[in-house]
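On a predicted model such as this, the values are computed, not experimentally measured, just so you know.
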Number of protein chains: 2
Amino acid sequence: MPQKKTTPPDATPAGRLVEARLHHVLGYQLAQATIATTVVYMNEVGEPFELRPVEYTILSLINENPDGSSAQLAQALAVTAPNITMWIDKLEGRGLVQRTRNETDKRAQHLRLTPKGTALVVQATEKLLVGEREALSHLSDGERTILIELLHKVARNRPGKK
Amino acid sequence: MPQKKTTPPDATPAGRLVEARLHHVLGYQLAQATIATTVVYMNEVGEPFELRPVEYTILSLINENPDGSSAQLAQALAVTAPNITMWIDKLEGRGLVQRTRNETDKRAQHLRLTPKGTALVVQATEKLLVGEREALSHLSDGERTILIELLHKVARNRPGKK
DNA sequence: TATTGTTATACTCTATAACTATA
DNA sequence: TATAGTTATAGAGTATAACAATA
């Protein structure tokens, strides 16, 4: 396999491929960074807790927004309603989430974590934060903070679907 | 639907859900930001060119690394080899990519864009850059640059799979 | 034996449409 | 009529295993 000895200035982390124009495409850099955080997630939370990324996020959002609706979750995660139903089914089946009927509007429902679910989320989040901090030790605290805030700023004015 | 009128300081862009601890999980912020860039991608490139994100990235990487191998692509994109084969099949079928036999190592192959493929990538990238710039107009030039560089830094020392 | 790339196949995840029960 | 949530179903995407050809 022909492989240059000298690594060019712009290279993908693992593939050693030049990425001149692509470098400035935010979506591409997000995808590349996500590969790194996904590895951390799988090692720290995904495999040990048998929890998919979506499941973890759903649990976290329910935890921090008790009695929210599944419609809110669907919008926050940009997934369809049937999808949310399926995931909540799974999480409820594992005794992590509880559905309760909304008494003022009987179509809707409140979502809440069980004590087991709460314990799991807290533990998972701690492991994640520690794991990410280790994996990103080549970034300073300031850089990590700025990165988080800039990403949040990008996400905040999320455009409409079209 | 019970909905607070005042938006809390930390909220998901669309779902208006609080995200206190989750806020500091990089993987979560990456996913949220990706929702925003995906909308831009689909509008600017995905739908008009009928090109999936992976396909666009593959074309871009081939364009900027002529005669690279599919094994390199697989590693750069963190996808499996059979997957790459499938995508290259599709792209070759559309006359965008060309496979050529490596004469020194007959197992391997060189990947190259056709003129049609090159034209498409260039055009798509321009549209993407403009579209992202518009969608992210609430970020300054400096902020966008910093964001890109920090993401690149995260991706650069991507950890191994385990 | 190891590696590049492919084929075959099954599985996960997601999306669309149609349904229910409330409003 | 419209909305919250569900069910049913099909499709997209991905991974694993087994294989062929070459090193």
Side-chain angles (χ1 to χ4, degrees), chain A residues 1-3 15-16 31 34-35 38-39 41-42 46-47 50-58 62 65 67-93 97-112 161-162, chain B residues 1-3 15-17 31 34-35 38-39 41-42 46-47 50-58 62 67-93 97-112 161-162:
Chain A
M1 168 176 45
Q3 180 91 10
R16 303 296 118 193
T34 299
I35 295 173
T38 298
V39 173
Y41 175 83
M42 288 313 287
E47 285 166 10
E50 291 185 272
L51 210 66
R52 306 261 92 210
V54 214
E55 295 181 296
Y56 164 75
T57 309
I58 289 175
I62 294 177
N65 304 273
D67 293 335
S69 69
S70 61
Q72 285 176 306
L73 277 183
Q75 210 195 353
L77 299 175
V79 299
T80 58
N83 227 319
I84 291 288
T85 298
M86 185 201 67
W87 289 118
I88 301 286
D89 280 350
K90 283 195 180 182
L91 294 171
E92 195 180 33
V97 170
Q98 210 178 359
R99 284 187 241 231
T100 63
R101 168 68 43 79
N102 182 337
E103 284 305 329
T104 60
D105 182 344
K106 287 182 180 172
R107 295 172 302 181
Q109 64 191 7
H110 294 313
L111 296 174
R112 235 175 221 288
K161 279 206 172 180
K162 180 59 179 268
Chain B
M1 167 175 49
Q3 179 92 10
R16 303 296 116 192
L17 301 176
T34 299
I35 295 174
T38 299
V39 173
Y41 175 84
M42 289 311 289
E47 286 167 9
E50 290 186 272
L51 210 64
R52 305 262 92 211
V54 213
E55 294 179 297
Y56 165 75
T57 309
I58 289 175
I62 294 177
D67 293 334
S69 70
S70 59
Q72 286 176 308
L73 277 183
Q75 209 195 353
L77 298 175
V79 300
T80 58
N83 227 318
I84 291 287
T85 298
M86 186 200 68
W87 289 117
I88 301 286
D89 280 350
K90 283 195 180 181
L91 295 170
E92 196 181 34
V97 170
Q98 209 178 359
R99 284 187 243 232
T100 63
R101 168 68 43 79
N102 182 337
E103 284 306 328
T104 61
D105 181 345
K106 287 183 180 171
R107 295 172 304 182
Q109 63 191 5
H110 295 314
L111 297 174
R112 234 175 219 290
K161 277 205 170 179
K162 178 57 181 257

Exercise. When the distance from CG of B:Leu73 to P of D:dT14 is rounded to whole Å, what number comes out?
Worked result: 14 Å

Exercise. Quick one: is A:Ser69 getting a side-chain N or O under 4.0 Å of the D:dA4 phosphate, OP1 or OP2?
Worked result: no

Exercise. Base, sugar-phosphate alone, or nothing: which one does A:Ala81 contact when heavy atoms must sit under 4.0 Å apart?
Worked result: base

Seminar exercise, completed: So NE2 of A:His110 and CG of A:Asp105: to nearest 0.5 Å the spacing works out to 9.0 Å

Exercise. Atom CZ of B:Arg52 and atom C1' of C:dA15: how far apart are they, to the nearest Å?
Worked result: 11 Å

Exercise. To the side chain of B:Asp89, which of C:dG5, D:dA4, C:dT7 is closest?
Worked result: C:dT7

For this session: For B:Arg107 and D:dC19, give me the distance from atom CZ to atom C1', rounded to whole Å.
Result: 15 Å

Seminar exercise, completed: Output for pair (B:Arg52 CZ, B:Met42 CE), nearest 0.5 Å, gives 4.5 Å

Exercise. Whole Å only: how far is the CG atom of B:Asp105 from the C1' atom of C:dA2?
Worked result: 12 Å

Problem set entry | Side chain of A:Thr85 (C-beta onward), nearest among D:dA15, C:dT14, D:dG5 | D:dG5

For this session: With DNA chain C as reference, determine whether B:Ala108 or A:Glu103 sits nearer its 5' end, using the nearest nucleotide of each.
Result: B:Ala108

Exercise. Are the charged groups of A:Lys90 and A:Glu55 less than 4.0 angstrom apart, N to O?
Worked result: no

Problem set entry | Nearest-nucleotide pick for A:Lys106, side chain only, options being C:dT16, C:dT7, C:dA23 | C:dA23

For this session: Rounded off to whole Å, could you give me the CE-to-C1' distance for the B:Met86 and D:dT16 pair?
Result: 15 Å

Exercise. Atom CG of A:Asn83 to atom C1' of C:dT12: distance rounded to whole Å?
Worked result: 11 Å

Problem set entry | Atom-to-atom span, CD of B:Gln109 to P of D:dA20 - whole angstrom | 19 Å

Exercise. Side-chain contact, heavy-atom cut-off 4.5 Å: A:Ile88 with A:Arg99?
Worked result: yes

Seminar exercise, completed: Ranking D:dT6, C:dC13, C:dG5 by distance to the side chain of A:Lys90, first place goes to C:dC13

For this session: For C:dT14, take OP1 and OP2 only and decide whether either is under 4.0 Å from a side-chain N or O of A:Thr80.
Result: no

For this session: May I ask you to evaluate whether B:Trp87 reaches the phosphate of D:dG13, defined as a side-chain N or O under 4.0 Å from OP1 or OP2?
Result: no

Exercise. With a 4.5 Å heavy-atom cut-off, do B:Tyr41 and B:Leu51 have their side chains touching?
Worked result: yes

Exercise. Hey, does B:Arg99 reach any base, or is it just sugar-phosphate, or nothing, if we go heavy atoms under 4.0 Å?
Worked result: sugar-phosphate

Exercise. Quick one: A:Ile88 CD1 to C:dC13 C1', roughly how many Å, whole number?
Worked result: 16 Å

